[in-house]
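Below is one structure; the comments refer to it alone.
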2 protein chains.
Amino acid sequence: MTSTDHPRRTRIQQEKRELILEAALEVFSTNGFRGSTIDQIAEAAGMSKPNLLYYFRRKEDIHETLMQRLLDTWLAPLRELDDIGDPLTELRSYIRRKLEMARDFPRESRLFANEILQGAPRIMPLLAGELKTLVDEKAAVIRGWMRAGKIARTDPWHLIFSIWATTQHYADFDVQVRAVLGPNRGGDGRFEDAARFLEQLFLDGLKPKT
Amino acid sequence: MTSTDHPRRTRIQQEKRELILEAALEVFSTNGFRGSTIDQIAEAAGMSKPNLLYYFRRKEDIHETLMQRLLDTWLAPLRELDDIGDPLTELRSYIRRKLEMARDFPRESRLFANEILQGAPRIMPLLAGELKTLVDEKAAVIRGWMRAGKIARTDPWHLIFSIWATTQHYADFDVQVRAVLGPNRGGDGRFEDAARFLEQLFLDGLKPKT
DNA sequence: CTAACGTTTGTCCAATCGGTCAAAAATTTG
DNA sequence: CAAATTTTTGACCGATTGGACAAACGTTAG
């Protein structure tokens, strides 16, 4: 075994497949699945359409591979949410990590958003399975913190939703955010502003009444 | 003049155009612009494709009409945000109104989200113009409340973003929300749960330190 | 009735779609 | 080197796309 991946592949196949997936991420994330064409992806990857189809038989195969890889990376921050540390610190760093992902991987966020928006036809089983299991597990952790009086009592699931929504907003709605903030405040500093705001919003809202 | 609209139109034209727009809202909001076909819209509207094209010359015309109408309705809650009442009450009812729109007009929300996700190619001028103006105006109102000590000091723009994000999340990511909450908690009551959670999150976070 | 007008449809078109295939080109292997 | 294998490409296919168009149909006014 030369690699960690399933099928036996040459070095060229590894590289070209990676090239295609990178191009497909760009195209799919801005046009959605049905709105993207193989030609677009092929051109973005710098190869001919039949050549691309030599590495991925069908358009759906590219999208599927992309989504599988995505979900792992995407849920990593939530997996790290741990029962060990201080609850407020844990939540604060979860929010920070999630916001950093929105900043550093906006295309992945938009790819995911596109899929969900259109009814998640290709990843629904993952949502109801793997994702629900993970969220339920972490919701139980958060509930434990509430029972221990470490954070204010509220709905853990909706708390997680609100963290997802507020952080991913800066990736998915980036165009709108920049348009509204204008050239000055919409520059590179907007993520630091967002981080400061979100920290205040969530922490002061979650702080137990003493 | 028989109507309030621009061009002179017969009664049948008014009705059929409305029928088409309703069908197009359904199709565009779930497939995006490029992912939707005229045939799909025509079938959903119960008419033939050439017949549909008799009322709207181009596919883009339907989308454009839809977006123009949408923006007014969509920004209505924010326009109502007023300097008159009690600041915390004003913000709380803004959040409630926005959440009600996510519940009652999810297709409109998804249509808008689709457009923004794909870089807002068709409504960018509106974002940088009308929308920015309105948000800046309301941000000034909120800033006034902060200066008066009525609510905690924070970034008004990002506060508005966070309200948009958290409320629209229940329309745009509805599939995911229901999948994660499961059959019991994901039923009709999920919006009331969300309303309770959001009220707690925002109000306790915005309450001035006394 | 008929003429005028508004509405609907069947047919057609060029462009584009996802995908195939055989052959050429490049690379690896002996 | 030559043979075997992998990679790349041009040409092509049927299906679907957005849209055009003239003919047919329905309705109403005189």
Side-chain angles (χ1 to χ4, degrees), chain A residues 2-3 5-28 30-67 114-115 118 121-122, chain B residues 1-3 5-67 114-115 118 121-122:
Chain A
T2 56
S3 170
D5 239 334
H6 281 186
R8 215 170 287 227
R9 295 205 179 99
T10 70
R11 186 179 64 257
I12 290 185
Q13 275 175 339
Q14 296 270 12
E15 292 170 2
K16 290 298 172 84
R17 282 176 65 93
E18 223 53 47
L19 209 88
I20 292 169
L21 289 173
E22 157 66 24
L25 174 61
E26 185 72 28
V27 176
F28 279 142
T30 58
N31 298 110
F33 180 77
R34 294 201 48 190
S36 304
T37 70
I38 301 185
D39 289 280
Q40 283 179 309
I41 301 172
E43 193 193 341
M47 61 179 72
S48 64
K49 181 171 66 171
N51 195 12
L52 182 148
L53 286 167
Y54 170 72
Y55 294 102
F56 290 90
R57 289 189 126 91
R58 296 174 307 154
K59 181 185 173 185
E60 267 201 275
D61 291 348
I62 311 175
H63 191 266
E64 193 185 322
T65 306
L66 225 39
M67 292 300 297
N114 257 307
E115 177 70 10
Q118 307 191 353
R122 280 166 281 271
Chain B
M1 282 295 167
T2 57
S3 170
D5 239 336
H6 279 187
R8 215 170 287 226
R9 294 201 180 103
T10 70
R11 188 177 64 256
I12 290 186
Q13 274 175 341
Q14 295 271 10
E15 292 171 2
K16 290 296 172 80
R17 281 175 67 93
E18 222 54 47
L19 209 89
I20 292 170
L21 289 173
E22 157 66 25
L25 174 60
E26 185 72 29
V27 175
F28 278 143
S29 66
T30 59
N31 298 110
F33 180 77
R34 295 201 48 188
S36 303
T37 70
I38 301 184
D39 289 281
Q40 284 179 309
I41 301 173
E43 193 193 340
M47 62 179 71
S48 65
K49 182 171 65 172
N51 195 11
L52 182 147
L53 285 167
Y54 169 71
Y55 293 102
F56 291 91
R57 288 186 126 91
R58 296 175 309 156
K59 180 184 173 185
E60 266 201 278
D61 291 348
I62 311 176
H63 191 266
E64 194 185 321
T65 306
L66 226 39
M67 292 298 299
N114 257 308
E115 177 69 10
Q118 308 190 355
R122 280 167 281 270

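Quick note on labels: first sequence line is chain A, next is B, and so on, each numbered from 1. These numbers come from a predicted model, not from an experiment.
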Nearest of [options] to any side-chain atom of [X]?
X: R58(B); options: dA20(D), dG19(D), dG19(C); answer: dG19(D)
X: K59(A); options: dG18(C), dA20(D), dG18(D); answer: dG18(C)
X: K16(B); options: dC17(C), dT17(D), dT8(C); answer: dT8(C)

(request) Can you see which heavy atom on F28(B) is nearest to which on N114(B), and at what distance? (result)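 Smallest interatomic distance, heavy atoms only, reads O-ND2, 3.8 Å.
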Atom-pair distance ([atom1] on [X]; [atom2] on [N]), nearest Å:
X: N51(A); N: dA25(C); atom1: CG; atom2: P; value: 15 Å
X: D61(A); N: dG19(C); atom1: CG; atom2: C1'; value: 12 Å
X: Y54(B); N: dT7(C); atom1: OH; atom2: P; value: 4 Å
X: Y55(A); N: dT7(D); atom1: OH; atom2: P; value: 5 Å

(request) Have a look at K49(B) and say if it touches a base, only the backbone sugar-phosphate, or nothing, with a 4.0 Å heavy-atom cut-off. (result)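 Result for K49(B) = base.
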(request) Using a heavy-atom cut-off of under 4.0 Å over every strand shown, decide if I38(A) touches base, sugar-phosphate, or nothing. (result)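 Since only primed, P, OP1 and OP2 atoms lie under 4.0 Å of I38(A), the category is sugar-phosphate.
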(request) Hey, which sits more toward the 5' end of DNA chain D by its nearest nucleotide, S48(A) or R34(A)? (result)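 The residue whose closest nucleotide sits nearer the 5' end is S48(A).
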(message) Whether the side chain of R17(A) engages the backbone of Y55(A) through a donor-acceptor N/O pair (distance < 3.5 Å, no angle test) should be reported.
(response)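 Checking the backbone N and O of Y55(A) against the side chain of R17(A), a donor-acceptor pair under 3.5 Å is found.
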(request) Would you check if F56(A) and I38(A) make a side-chain contact, meaning some heavy-atom pair closer than 4.5 Å? (result)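 No, every pair of side-chain atoms sits at 4.5 Å or beyond.
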